[in-house]
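A short write-up of the structure that comes next.
The model shown is predicted, which means the values in this text are computed figures rather than measured ones. In this chain, numbering begins with 1 at the start of the sequence shown.
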Amino acid sequence: MLLSMKLDLPSLGPRQKVREQVAHALRAALVSGEMRPGVVYSAPAIAVRFGVSPTPVREAMIDLAREGLVAVVRNKGFKVTELSDRELDEITEVRELIEVSAVVRAAERGQAARVRALRPLAGEIVAAAERRDVLAYIDADHRFHLELLGLCGNAQLVRLVSELRYKARLYGVPRLAERGELVPSAREHEDLLDAVAAGDGDGARTLMRHHLRHIRGIWADRPERPRPEPH
């Protein structure tokens, strides 16, 4: 099905590095489920929405294709790569193996000042959840987790988790936001910071494991696939 719907994408504004900005915005739309499997997205149509030429959009889409997030549809555009439940389970398992031990290490390193610096970002997540702003929630959530993992001092680990997070799809977030049920998940970030700041490795382990499994449940809440348009 060729794109015919209006995507809820953010305005880029007068920024440089348009290709990177477009790629960032499209990743957020992919993760949130705003861009869906089964739909072919036209670079010119997306370019109109952003108010830019099609060239940086095509370049950004090619970047996403290299990351395995979209596939090229010859002479038409790009299609979101769909993940099976097994693949989502595998991503969850890998993230749990990496992130749980990483936050425990961060808690044990006693970095109170750096942990305090993450408080405003955790507040952004809660504020976005309260106003039901899905894209802002996902963007702040992504930045929070990478900065939190950065406390363990392993840049390769942070890069790998970033790639895994983009491969996943938080399909259930828009519906949780619509029902006003996103705030409890948002506040889990503040609880996690409390444990890390207190040097409570066991508490951080329990909270991170619970948070990742909670997120896996959100992943499972998939939208219906779009129906093909009649010819």
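Within the 4.5 Å cutoff, the side chain of Asp63 has no heavy atoms near those of the Leu69 side chain. Between Pro44 and Arg58, some side-chain heavy-atom pair lies under the 4.5 Å cut-off. Between Leu207 and Val103 there is no side-chain heavy-atom pair separated by less than 4.5 Å. Side-chain contact between Leu160 and Glu163: present, with at least one pair of heavy atoms (C-beta onward) separated by less than 4.5 Å. Contact check for Arg95 versus Ile98: no side-chain heavy atoms found under the 4.5 Å cut-off. Looking at Leu135 and Asp133, their side chains come closer than 4.5 Å, going by heavy atoms from C-beta outward.
For Ser185 against His211, the heavy-atom pair with the smallest separation is O-CE1, 4.0 Å. Taking every heavy atom of both residues into account, Ala204 and Val196 meet most closely at CB-CG2, 4.2 Å. Nearest approach of Ala23 to Ala60, heavy atoms of both residues: N-CB, 3.7 Å. What you find for Arg109 and Cys152 is that their closest heavy atoms are NH1-O, 2.5 Å. The shortest heavy-atom contact between Val57 and Phe50 is CG2-CD1, 4.5 Å. Among all heavy-atom pairs drawn from Leu151 and Val115, the shortest one is CD1-CG2, 3.9 Å.
Between atom CZ of residue Arg114 and atom CG of residue Leu148 there is a gap of 10.0 Å, rounded to the nearest 0.5 Å. A distance of 13.0 Å separates NE2 of His145 from CG of Leu164, quoted to the nearest 0.5 Å. To the nearest 0.5 angstrom, Thr81 atom OG1 is 11.0 Å from Glu67 atom CD. One distance of note links CG of Asp141 with CD of Glu188; it measures 10.0 Å at 0.5 Å rounding.
Note on Val72 and Leu30: same hydrophobic cluster, where clusters join Ile, Leu, Val, Met, Phe, Trp and Tyr whose side-chain heavy atoms are under 4.5 Å apart, directly or indirectly. Cluster membership for Met208 and Val104, using ILVMFWY side-chain heavy atoms within less than 4.5 angstrom, is not shared. Taking hydrophobic clusters as Ile, Leu, Val, Met, Phe, Trp and Tyr residues chained together by side-chain heavy-atom distances below 4.5 Å, Val183 does not share a cluster with Leu121. When the side chains of ILVMFWY residues are joined at heavy-atom separations under 4.5 Å, either directly or via intervening members, Met61 and Val39 end up in a single hydrophobic cluster.
A salt bridge does not link Asp200 to Arg205: none of the charged side-chain nitrogens sits closer than 4.0 Å to a carboxylate oxygen. For Arg187 and Glu130, the salt-bridge test passes: some basic side-chain N is under 4.0 Å from an acidic carboxylate O. Salt bridge absent: Arg86 and Asp89 never bring a charged side-chain N and a carboxylate O closer than 4.0 Å. Salt bridge annotation for Asp194-Arg119: present, with a cationic side-chain nitrogen under 4.0 angstrom from a carboxylate oxygen.
Checked by atom type and distance alone, the side chain of Glu87 pairs as donor or acceptor with a backbone atom of Ser84 at under 3.5 Å. Ser162 contributes no side-chain N or O that, together with a main-chain N or O of Val158, makes up a donor-acceptor pair within less than 3.5 Å. A donor-acceptor distance shorter than 3.5 angstrom exists from the side chain of Tyr41 to the backbone of Arg36, with no hydrogens or angles considered.
Shown here is Glu190, whose CD atom has more than 12 heavy atoms of other residues, nucleotides or ligands within 6.0 Å.
Between His142 and His24, the distance from one ring center to the other does not fall under 6.0 angstrom.
Relative orientation of the His189 and Phe144 rings is perpendicular, given thresholds of 30° and 60° on the angle between their planes.
Every residue two or more places apart in sequence or in another chain was checked for a side-chain hydrogen bond (donor to acceptor under 3.5 Å, both in side chains) with Asn75, and none qualifies. The side-chain hydrogen bond (donor to acceptor under 3.5 Å, both in side chains) search around Arg116 returns none, not counting sequence neighbours.
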